Undergrad: 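Please read through the structure below; I'll follow up with questions.
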Amino acid sequence: MKNYFCFILHKFYFPKNIFMIKNLVIVESPAKAKTIEKFLGSDYTVRSCFGHIRDLSKKDLGVDINNGFIPKYEIPEDKAKMVSELKKMAKESQVVWLASDEDREGEAISWHLSEALELAKGKIKRIAFHEITKTAILEAISNPRQINIDLVDAQQARRVLDRLVGYELSPLLWKKIRPSLSAGRVQSVAVRLIVDRENEINNFTPVSFYKGSAIFSFIKDKKTYKIKAELSRKFNTPGDAMAFLKKCIGAEFKVKDIETKPARKSPAPPFTTSTLQQEASRKLSFSVSKTMMIAQQLYESGKITYMRTDSVNLSNMALAMAKKEIESFYGPGYVKIRNYTTKSKGAQEAHEAIRPTYINSHVVEGTNDQKKLYELIWKRTIASQMSDAELEKTNVTIESPSIQDYFVATGEVIKFDGFLKVYFESSDEEEEEQKGLLPPVAKGDIMNPEEINVVERFTQQPPRYTEASLVKKLEELGIGRPSTYAPTISTIQKREYVITSTKEGTERKYQYLSLIKDKILETQKLETVGFEKSKLFPTDVGTLVNNFLIQNFENILDYNFTASVEKEFDEIAEGKKAWNQMIKEFYHPFHVQVSETEKTSKKVSGVKLLGVHPETQKNIYAKLGKFGGMLQLGENTDEEKPRFVGLLKGQSIETITLQEALSLLSFPKLVGKYLGEEVVAGLGRFGPYIRHKGKFYSLKKTDNPLTLTIERAKEIIEEKIQKIENSTIKEFSANPDIRVLKGRFGPYISIGKMNYKIPKDMIPEDLTAEECLMIAEKSPKKEVAKKTPARKAVAKKTTKKTTKKTTTKTKSAKKTVAKKASVKKPATKKATIKKTKTSTK
DNA sequence: CAGTGAGCGAGCTTCCGCTTGACTT
């Protein structure tokens, strides 16, 4: 009753008050909005704008290059509704607090908001939160400022530069190499790193050397101990190694010296996006995009702080929580509060490091992947505030008067575990042998050489990049941002510049010399080298595009290009330079480069003469075709048409040999007979296949058509027949075209090449052929046919759009629906994870 | 799906950084 009264009073006494909202706060992320609203109380309404709300026009260059490079900004279709809602709310508000992140992009978001929402200057208060805690937020509110237009200009320069580079280079690639390719400041350098590394590997010749070691035994208090020691020097030739062993025959060894040194290890800083991706890759074998997807889930459910950050900083509140946790779980001796400083180039530090929201939650509810990632984040955060580990390193030197060199045995003992109690950071390099405690040796002890070995070792080729190590490298170079590492990696794979693949190792012989009981044994052993799992390999297109770009745009492909333009962006941000002046100085020479290259450079096909076919005497070429690398046998003239064969997975124009080419050209060939009929292996449009009784069977990725046996062929045939049988619910002998099948989304009807949904009230097992035909006739496909030709043209356009959208990123306007269905969200997410998994595999 | 790759020409592709979305053949 009282409320009702108030309402009436309000209505009659303040009719002219048009402000329904006192304070409108706009942040970037909806999850952030939710938390902040709790801290601010009822006078504040918090909304999110979902990142950038305007961008350069998509279909053209979006920059007026003849008029001071004025950008043409548009509100993207999927943001229009949200922006108009914000605009309406802003009109009804007394104050609009623009609380986007405090970095270049965030400042620009605030500026775009002020423009798009038509906010009067006096109504705007610009604030920024570095951490989402009540004190930080209240402090931000009490220190508002205006939009920093210099910083906005630096962002405009960044945006326009990227557009100009991307939209001028890409069309050049369409003309010179093939359609739909792309180039850009970030992606092209990422590809270059991978191609450069591949070249290093191809040009690498391993050099062998010889490494000595020994196992000594000694007796102390009637007990026999053994100790392993490494020789202090390496040998270059087997002769030197042999000469050394000969000297060791009959030699007497004793302990010359024991040296003990204390050592310390410090914990790694808390996670940033890039280090989280690296550790999740090494420790959990997550791909970069999987890590980000799971981190997003944890963030949205309020379990961790924001996951796209380059900062290693923790809030005071987090430090206090960490201290309390460490004290109560491990004791006060384990606490050491540390302030880490960010070292990476171009870091903008708009957020905290990635940490648990509540550090007292050691585990979380959720999927297994969420639990694992959370645990990793929790441990890393806690460890970062723990004391150093204290170690003791011991070196025992063992020598003999008959040899110049000496052996060293090393041991490592942990005196105080400190942060190691919780977390150990892994590295990309091969793990060193765990060193433990040494047996009780003393200076002057006589050491018995049980065996002295010299092993041939080889210098190692540089490793190929993993997704995560590529991110690490990009971050070191200051290229890309936390929000773009994962998308960049998927872009270069989508363009087929790079593939993630596993390379089987090759066998290599090495020498093993062993001195046991005064006798030297010489043996040859085999080892597997060069095995690389889930690494990034350049494709032929990737290599050709990269070579083309380096040849013509070395300045853009330079590893330091981003760093040098970043310097200029900084000058703009400091108000020392006009942004369009900087763009002008860049664009004019760049544009000349583009048009020169367009005129002078020829179309790139990467054609390479491999040799002559011994039977036909025709030339064999390797070159880039529409669908990737291929072989061409014979010339392409009016009189004769050449034969074409696609290359197999793992083969490339760069590295294919004449031998390999000849075996590809020997297809199709007979594998053997099965059930009285020939099994023929061939190389088809979709890769290698086998044919049997007129039916085709694809080979698995792991199958090599060159070495396929008839036994394996039988397996493949049987497996496929089995699979079809398993997925068939019903067949009709009268009409073999109609089948009821089990699919990914449940049962469906297949007639010829068309598929139809089964109505919910019908049982798939009970369907008759007639019913199937009826369902087919009634199916929604008819609706499309019903459309008039005039509408068809429009429909065509929209369907094209939607199919395109579903293949890339599905965006829809069903925001409210999605929000309401948020309880069901995890399930749908799972489904999409599965989907992407199967499609990438 | 299944041994592609002609030639013509219309119409399309493309960047980097902020954010989250999502329901089927």
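Note: hydrogens, waters and symmetry copies are ignored here, and every other heavy atom, side chains too, is used. Being a predicted model, the structure only gives us computed values, none of them experimental.
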Undergrad: Examine distances only and state if a side-chain atom of A:Arg159 and a backbone atom of A:Glu105 form a donor-acceptor pair shorter than 3.5 Å.
TA: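 Side chain of A:Arg159 to backbone of A:Glu105: no pair is present.
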Undergrad: Does the side-chain ring of A:Tyr167 sit on the six-membered ring of the B:dT14 base, less than 5.5 Å centre to centre and under 30° in tilt?
TA: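 A:Tyr167 ring centre within cut-off of B:dT14 base, planes near parallel; stacks.
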Undergrad: Can you figure out which of B:dG3, B:dC18, B:dT20 approaches the side chain of A:Pro668 most closely?
TA: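 Of all the options, the side chain of A:Pro668 is nearest to B:dG3.
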Undergrad: Which atoms form the tightest heavy-atom contact between A:Lys79 and A:Ile53, and what is the distance?
TA: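 Reported closest heavy-atom pair: CB-O, 4.3 Å.
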Undergrad: Rounded to the Å, how far apart are A:His52 NE2 and B:dC16 P?
TA: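 In whole Å, B:dC16 P and A:His52 NE2 are 14 Å from each other.
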Undergrad: Taking only side-chain N and O atoms of A:Gln632, does any of them lie within less than 4.0 angstrom of OP1 or OP2 on B:dG5?
TA: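 Answer is no, no contact under 4.0 Å.
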Undergrad: Once you round it to whole Å, what is the distance between P of B:dT14 and CZ of A:Phe553?
TA: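 It works out to 19 Å between those atoms.
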Undergrad: Nearest-Å distance, NZ (A:Lys494) to C1' (B:dT13)?
TA: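 Interatomic distance, NZ of A:Lys494 to C1' of B:dT13: 12 Å.
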Undergrad: Name the closest nucleotide to the A:Tyr689 side chain, picking from B:dT19, B:dG3, B:dC18.
TA: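 It is B:dG3.
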Undergrad: Backbone N or O of A:Ser48 within a donor-acceptor pair of the A:Lys32 side chain at under 3.5 Å?
TA: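 Pair absent, no side-chain N/O of A:Lys32 close to backbone of A:Ser48.
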Undergrad: Should A:Tyr306 be listed as having a side-chain N or O under 4.0 Å from OP1 or OP2 of B:dT19?
TA: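 Result: yes.
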Undergrad: Just N and O in the side chain of A:Arg495: are any of them under 4.0 Å from OP1 or OP2 of B:dT14?
TA: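 Affirmative; the distance criterion is met.
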Undergrad: Does B:dC18 have OP1 or OP2 sitting under 4.0 Å from an N or O in the side chain of A:Arg481?
TA: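 Answer is yes, contact under 4.0 Å.
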Undergrad: Ring of A:Trp111, cation from A:Arg126 - is the NZ or CZ under 6.0 Å from the centre and inside 45° of the axis?
TA: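 Geometry flag: not set, cation outside 6.0 Å or 45°.
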Undergrad: Check whether any side-chain N or O of A:Gln155 sits under 4.0 Å from OP1 or OP2 of B:dG17, and answer yes or no.
TA: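 For A:Gln155, the contact criterion (side-chain N or O under 4.0 Å from OP1 or OP2 of B:dG17) is not met.
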Undergrad: Looking at A:Glu77 and A:Lys58, does any basic side-chain N land under 4.0 Å from a carboxylate oxygen?
TA: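 Salt bridge absent between A:Glu77 and A:Lys58.
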Undergrad: Nearest of B:dC18, B:dA2, B:dC16 to any side-chain atom of A:Asp103?
TA: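 Ranking B:dC18, B:dA2, B:dC16 by closest atom to the A:Asp103 side chain puts B:dC18 first.
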Undergrad: Within less than 4.0 Å of OP1 or OP2 of B:dC18, is there a side-chain N or O belonging to A:Ser483?
TA: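 Yes, such a contact exists.
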Undergrad: For a quick test of reading the model: is some side-chain N or O of A:Arg308 closer than 4.0 Å to OP1 or OP2 of B:dT19?
TA: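 For A:Arg308, the contact criterion (side-chain N or O under 4.0 Å from OP1 or OP2 of B:dT19) is met.
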Undergrad: Measure the distance from CG on A:Leu161 to P on B:dG17 and round it to the nearest whole Å.
TA: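 That distance rounds to 11 Å.
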